[in-house]
Asks: 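Got a structure here, written out as structure tokens. Questions coming.
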Amino acid sequence: MENDKMGDISNECSDAFDNILESRRSIRFFKDEIPPKEYVEDIIRAGLFAPYAAQAVDENEYFRKFIVISKNSEKMKEVAEIAKNKVKIMSEQLNAQMEENPYLKEKAKSFSKRLELFAEKGVLGIGTAPYYIVVAEKKGVPPVEQQSLAHCLQNMWLKAASLDLGFHLVSATAQMEENKDFCEILGINPGEWGLNGCAVGYPEEIPPETSRPAVSEVTMWID
Ligand SMILES: Cc1cc2nc3c(=O)[nH]c(=O)nc-3n(C[C@H](O)[C@H](O)[C@H](O)COP(=O)(O)O)c2cc1C
């Protein structure tokens, strides 16, 4: 598989955007240096420009919140412990289900290993990066808060890439939306908000480009 060269038709803005798209990576290891808070605010601002499900939310009452937890804060230790315990339970539940279900046993091998690692060492991104940012979106009808959060996080990710900051998703965050202790730290009622999260900091190293197929390999035109 080979990446296409980005388009022949170009202008300065579009070229700059393509550079950001191509430079975005999951960065999972960070320097100790803490990026300025202004950068984090710029990233959050990018998240605010993301689309949202207008039919699902009450636009009179703002429906997104961003909670930035610094690596060196007291609360980070508590949050990391809550996440580790949650992942331990998930890991045990998944392993039990895998014993009952041969299809799952085969399919979930790699996810199960990941959960076991997190259960032992803690969740990557929570306490391992200068900032762990939780994004909360009020649940609505239809229940599309996770899709909406994904748009928001993607905007944040691209902004982080444009600032040469490292970023990775912390999906385990979504599993803690009912957790009383976690939600108390976030200042929200458990179960009322969908959650997702990310880790941000200066990259320790830039991983190589991940492979993407050529457009022609994955596209069918119906003219
Ligand atoms: C729905 C979804 C959940 C993900 N969750 C995590 C996560 O919890 N932790 C993580 O490090 N990466 C997570 N990723 C990132 C992918 O592993 C990553 O995007 C993929 O390996 C391609 O690498 P790249 O982001 O560097 O292009 C997630 C991606 C998606 C789309």
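Counting starts at 1 for both ligands and their atoms, in listed order.
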Asks: Using a 6.0 Å cut-off, check whether atom CZ of F66 has over 12 heavy atoms from anything other than its own residue.
Replies: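 Yes.
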Asks: Are any of the protein's heavy atoms under 4.0 angstrom from atom 10 (C) of ligand 1, yes or no?
Replies: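 Yes; the ligand atom in question has protein heavy-atom contact below 4.0 Å.
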Asks: When you measure from atom 23 (O) of ligand 1 to every protein heavy atom, which one gives the shortest distance, and what is it?
Replies: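 Scanning the protein heavy atoms, the shortest distance from atom 23 (O) of ligand 1 goes to T210 CG2, 3.8 Å.
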Asks: Is it the case that over 12 heavy atoms from other parts of the model lie below 6.0 angstrom from the NZ atom of K84?
Replies: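 Yes, NZ of K84 has more than 12 neighbouring heavy atoms, counting only those of other groups under 6.0 Å.
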Asks: What's the shortest distance from atom 4 (C) of ligand 1 to any protein heavy atom, and which residue and atom give it?
Replies: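 Its nearest protein heavy-atom neighbour is S171 OG, 3.3 Å.
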Asks: Suppose I only count heavy atoms of R212 and a 4.0 Å limit; which atoms of ligand 1 are within that range?
Replies: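 In order of number, 27 (O).
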Asks: Within a strict 4.5 Å, meaning less than it, do heavy atoms of the L169 and N196 side chains meet?
Replies: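 Not touching, per the 4.5 Å side-chain cut-off.
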Asks: Heavy atoms, side chains only, cut-off 4.5 Å: are F118 and S91 in contact?
Replies: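 Side-chain contact under 4.5 Å: no.
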Asks: Relative to the ring of F63, is the ring of Y52 parallel (under 30°), tilted (30 to 60°) or perpendicular (over 60°)?
Replies: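 Y52 vs F63 ring planes: tilted.
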Asks: Out of R25, R114, R24, whose heavy atom is nearest to atom 27 (O) of ligand 1?
Replies: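 Nearest heavy atom to atom 27 (O) of ligand 1 lies in R24.
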Asks: Please tell me if atom 6 (C) of ligand 1 is touched by the protein, where touching means a protein heavy-atom distance below 4.0 Å.
Replies: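 So atom 6 (C) of ligand 1 has protein heavy-atom neighbours under 4.0 Å.
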Asks: Counting heavy atoms not belonging to Y103, are there more than 12 under 6.0 Å from its OH?
Replies: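 Open.
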Asks: Is F167 near ligand 1, meaning one of its heavy atoms is under 4.0 Å from it?
Replies: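 F167: no contact with ligand 1 (<4.0 Å).
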Asks: Salt bridge (Lys or Arg N to Asp or Glu O under 4.0 Å) for K139 and E192? Distances and angles first, verdict last.
Replies: CA-CA 6 Å; K139 291 186 179 180; E192 273 184 18; over 6 Å; no
Asks: Count the heavy atoms of every other residue, nucleotide or ligand shown that sit under 6.0 Å from CD of E184, and state whether that count exceeds 12.
Replies: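 Count not over threshold, so no.
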Asks: Closer than 4.0 Å and a protein heavy atom, does any atom meet both conditions relative to atom 1 (C) of ligand 1?
Replies: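 Given the 4.0 Å cut-off, atom 1 (C) of ligand 1 does not count as touching protein heavy atoms.
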Asks: Which residue holds the protein heavy atom closest to atom 17 (O) of ligand 1, what is that atom called, and what is the gap in Å?
Replies: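 Of the protein heavy atoms, R28 NH2, 3.1 Å lies nearest.
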Asks: To which protein heavy atom is atom 15 (C) of ligand 1 closest, and what is the distance rounded to 0.1 Å?
Replies: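 Atom 15 (C) of ligand 1 sits closest to the protein heavy atom S26 OG, 3.6 Å.
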Asks: Under 3.5 Å between some N or O of ligand 1 and some N or O of L169?
Replies: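 Min N/O separation from ligand 1 is below 3.5 Å for L169.
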